[in-house]
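Beneath this line is the structure, given in structure tokens, with notes to follow.
This structure is a prediction, so every number in the text was calculated from the model and none was measured. Note that the numbering runs from 1 along the sequence shown for the chain.
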Amino acid sequence: MLFHSSIRKELARSFGATLVVLVTIVMTILLIRTLGLASRGSVNPSEVMLVLALTLLGYLSTLLTLSLFIAMVATLSRMYADSEMVIWFSSGKGLTGFLPPLLRFAWPILLAIAVLSLLAWPWANQQVFELRLRYEKRGDIERVAPGQFMESADGTRVFFIDKSSADEKTGSNVFVSSFIDGKSSVTLAQSGRIEFVNGDRFLRLEKGQRMEVDLKKKEEIRVIEFEGYGLRITQDVMGRNDRPPARNNWSLDLLRNRSSENDGELSWRIGLVLAAANLVLIALAVSNVNPRVGRSGNLIFALLAFVFYYNLVNMMQAWIAAGRIGPIGGLLGLHGVTFALVLLWLARRHEGWSWRGLLRPRAPAVADKAS
């Protein structure tokens with residue numbers, strides 16, 4: 001049918017262009033953030049692009065939702081601005097007649113959003129978490145880079161090496177600052193190398209001195225000069241909790257292991273799909289442009305509406321995680337009420353209702369008098 005095919009073709013062009021622009025912008029922002037994490041030692045520099053791709057995959061459901069909403073608003077607004085809507089309305093098509101082609105175009109995207117939010121989102125978070133965890137659990141020596149101060153895995157030591165050898169097992173001008181059991185120490189050595197003793201790794205320092213301060217007894221300061229000194233290197237120590245957050249758990253696991261945090265995360269994933277479906281109806285309701293005004297106002301309003309709705313979804317998640325509301329009540333309270341209000345809005349526009357007409361008193365009927 002010409003009516004359906006023309007709308008879907010224009011929606012496809014607008015959706016593709018919008019998605020490419022949004023993905024480019026988000027990739028640039030995520031690249032800057034990932035490079036910042038790599039510079040701070042939280043992400044392996046050689047895995048920056050992998051972390052970037054996984055993070056982008058996690059946010060793809062939100063990008064698809066926004067792209068679909070903007071594409072529908074832009075397409076329908078153009079039809080109003082070019083007076084195409086007048087032609088369709090005069091041919092017998094009402095406002096609700098646009099729902100079938102819009103839903104027929106949107107349902108594959110809505111299905112992709114559901115798959116991404118319920119399956120791809122936790123999988124991508126798991127992969128990024130494991131990459132960062134594995135990199136942070138590397139040994140203390142692997143953390144050391146020539147000319148940089150690096151913190152150990154458990155946060156109790158800071159290392160500095162001026163120069164290292166090609167095999168990265170020996171170095172010169174070694175500095176080690178540590179804080180263990182209430183004692184602060186600073187160790188300086190001319191050189192250092194890695195040795196294995198009974199299966200354990202040691203950092204063997206040569207020709208240096210060590211200053212030790214007991215913080216409980218600040219007047220006691222010990223200075224020791226040594227020809228050789230060994231530091232045991234822990235290889236699998238991590239100062240933070242290894243338990244993954246709720247965003248990393250599969251949706252079925254969140255449903256089986258009920259808690260306020262898990263209910264909030266699961267409600268956010270389901271709510272994103274419901275929000276995408278509601279935004280299709282909102283796009284049809286808000287796309288009413290005066291040809292003399294232009295379409296920029298509608299696009300700005302659409303962007304603000306999406307930001308407001310998305311913030312409501314995040315706020316609902318926070319309230320459910322805090323135990324202030326239940327997951328069913330949160331979903332129905334936000335998305336159910338939004339769905340009802342949008343249907344009322346569409347009915348008002350389709351039937352031509354107005355508050356002035358509803359509040360205006362009707363004139364009493366006057367019966368004709370028989371002569």
Distance-minimising heavy-atom pair for [X] and [Y]:
X: Ala124; Y: Leu54; result: CB-O, 3.3 Å
X: Arg210; Y: Thr187; result: NH1-OG1, 3.1 Å
X: Phe15; Y: Leu64; result: CZ-CD2, 3.7 Å
X: Pro245; Y: Phe129; result: CD-CE1, 4.1 Å
X: Leu76; Y: Ala283; result: CD1-O, 3.9 Å

Heavy-atom side-chain contact between [X] and [Y] under 4.5 Å:
X: Val23; Y: Leu19; value: yes
X: Ser61; Y: Leu272; value: yes
X: Ser260; Y: Ile320; value: no
X: Leu30; Y: Leu56; value: yes

May I ask you to decide if the ring planes of Trp121 and Tyr59 are parallel, tilted or perpendicular, using 30° and 60° as cut-offs?
perpendicular
hydrophobic_cluster_shared for Leu60 and Val20, side chain cutoff 4.5 Å
no
Between Glu206 and Gln190, does the side chain to side chain donor-acceptor pair (under 3.5 Å) criterion hold? Intermediate values first, please.
CA-CA 6 Å; Glu206 298 179 349; Gln190 292 183 6; over 6 Å; no
